[in-house]
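Only heavy atoms go into these numbers, but all of them, side chains included; no hydrogens, no water, no symmetry mates.
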Amino acid sequence: MKFYPVTTAAPDAALKSDYDAGRSVGNVQLGNAYLFFKEKRKLYSIAYAEMTRVFRRVMLVQTKMCCGKGNLEVENLVVCTEAGEVAQIQLPGARAGVILLEELPKRAPHVQIGKPN
C-alpha cells in the first residue's frame, strides 16, 4: 500500500501500522497519529499535528428529476493547516460528517472544530 502525503511525508511502515489500527468512517480512516482518506485510487495521509482546523462543508447540487427540480446535499470534510485548506474530502452522508467531527477532538484536541471564533 502506497501512501501519498498531503503535507509532510512519513515512513510507509509507520503509516501502515497506524492505518491498520484506525477506525474507518466512509472513505476516511482515523489512525492514532494520522488521518487517511481515499480519493480515486490513491490513499492520502495528514498528520493530526499539522492540522489547525477541520469543518464540514455542505454543497447543494441542483438536480432535475422526472417529477421536478431538487437539490442534493454533498457532504465534505475540509482539513486546514497553517497553509490554508489542504483537503476537501467527500463523505458518503451527513452521518459520517457528524461522526468524524465527534471523533477528531479525541484524537487531536488542539484542532479547532467548526467555524472560527
Side-chain angles (χ1 to χ4, degrees):
M1 184 179 310
K2 178 148 175 58
F3 296 95
Y4 294 89
V6 174
T7 53
T8 307
D12 279 351
L15 292 173
K16 173 103 173 91
S17 65
D18 197 39
Y19 181 82
D20 291 339
R23 177 182 178 195
S24 179
V25 180
N27 59 339
V28 176
Q29 185 86 0
L30 297 168
N32 294 323
Y34 292 89
L35 178 126
F36 303 95
F37 64 95
K38 294 177 185 174
E39 191 170 302
K40 297 183 182 175
R41 294 183 158 228
K42 293 186 177 181
L43 183 61
Y44 293 94
S45 64
I46 305 172
Y48 293 134
E50 296 177 354
M51 293 181 191
T52 56
R53 183 172 161 231
V54 176
F55 61 94
R56 280 176 47 202
R57 178 178 286 156
V58 180
M59 298 167 37
L60 295 176
V61 178
Q62 292 182 355
T63 60
K64 192 174 191 181
M65 296 178 256
C66 61
C67 54
K69 295 180 181 179
N71 290 325
L72 292 177
E73 292 183 351
V74 179
E75 292 276 335
N76 295 290
L77 182 74
V78 180
V79 179
C80 301
T81 63
E82 293 293 330
E85 289 184 15
V86 293
Q88 180 169 309
I89 307 161
Q90 189 170 349
L91 301 173
R95 185 173 174 212
V98 170
I99 291 170
L100 285 170
L101 291 183
E102 289 174 355
E103 283 292 319
L104 278 169
K106 297 174 188 172
R107 298 173 191 265
H110 68 281
V111 175
Q112 180 183 8
I113 305 295
K115 64 182 182 179
N117 296 330

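Within the 4.5 Å cutoff, no side-chain heavy atoms of Y48 are placed close to those of N32. In this structure, L104 and L35 have side chains that are in contact, with non-hydrogen atoms separated by less than 4.5 Å. Within the 4.5 Å cutoff, no side-chain heavy atoms of E75 are placed close to those of L100. The shortest side-chain heavy-atom distance between F55 and E85 falls under the 4.5 Å cut-off. Contact annotation: the side chain of N27 approaches that of L91 to within less than 4.5 Å [non-hydrogen atoms, C-beta and beyond].
P92 approaches G26 most closely through the heavy-atom pair CG-CA, 3.9 Å. Across every non-hydrogen atom of N76 and Q90, the tightest pair is OD1-CA, 3.3 Å. Contact record, G22 with Q29: O-NE2, 3.2 Å, taken as the closest heavy-atom pair.
Under the 4.5 Å side-chain heavy-atom criterion for ILVMFWY residues, a single connected hydrophobic cluster contains both L30 and Y4. Connection of I46 to I113 is established within a shared hydrophobic cluster, with ILVMFWY side chains joined at heavy-atom distances below 4.5 Å, either directly or through further cluster members. V78 and V6 are assigned to two separate hydrophobic clusters, defined by single-linkage of ILVMFWY side chains at heavy-atom distances under 4.5 Å. Under the 4.5 Å side-chain heavy-atom criterion for Ile, Leu, Val, Met, Phe, Trp and Tyr, V25 and L43 are members of distinct hydrophobic clusters.
Here L15 contributes atom CG and F3 contributes atom CZ; the two are 5.5 Å apart, rounded to the nearest 0.5 Å. L77 CG to R57 CZ: the interatomic distance, rounded to the nearest 0.5 Å, is 10.5 Å. If you take OG1 on T63 and NZ on K69, they are separated by 10.0 Å, rounding to the nearest 0.5 Å.
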Query raised in the report: Would R107 and R23 satisfy side-chain contact (heavy atoms from CB on, under 4.5 Å), going step by step from the backbone distance to the final call?
Result: CA-CA 11 Å; R107 298 173 191 265; R23 177 182 178 195; 3.9 Å; yes

Requested in this report: Could you walk me through whether V98 and R56 pass the side-chain contact (heavy atoms from CB on, under 4.5 Å) test, one step at a time?
Outcome: CA-CA 8 Å; V98 170; R56 280 176 47 202; 3.4 Å; yes

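Listed for the Y19 side chain is no donor-acceptor partner under 3.5 Å among the backbone atoms of Y34. Without hydrogens or angle criteria, D12 side chain to K2 main chain gives no donor-acceptor distance under 3.5 Å. Looking at D18, its side chain never comes within 3.5 Å of a backbone N or O of G31 through a donor-acceptor pair.
Look at E39 and K42 and you find no salt bridge, because none of the NZ, NE, NH1 or NH2 atoms lies under 4.0 Å from a carboxylate O.
Within the cation-pi definition used here (under 6.0 Å to the ring centroid, within 45° of the axis), K38 does not qualify as a partner of F36.
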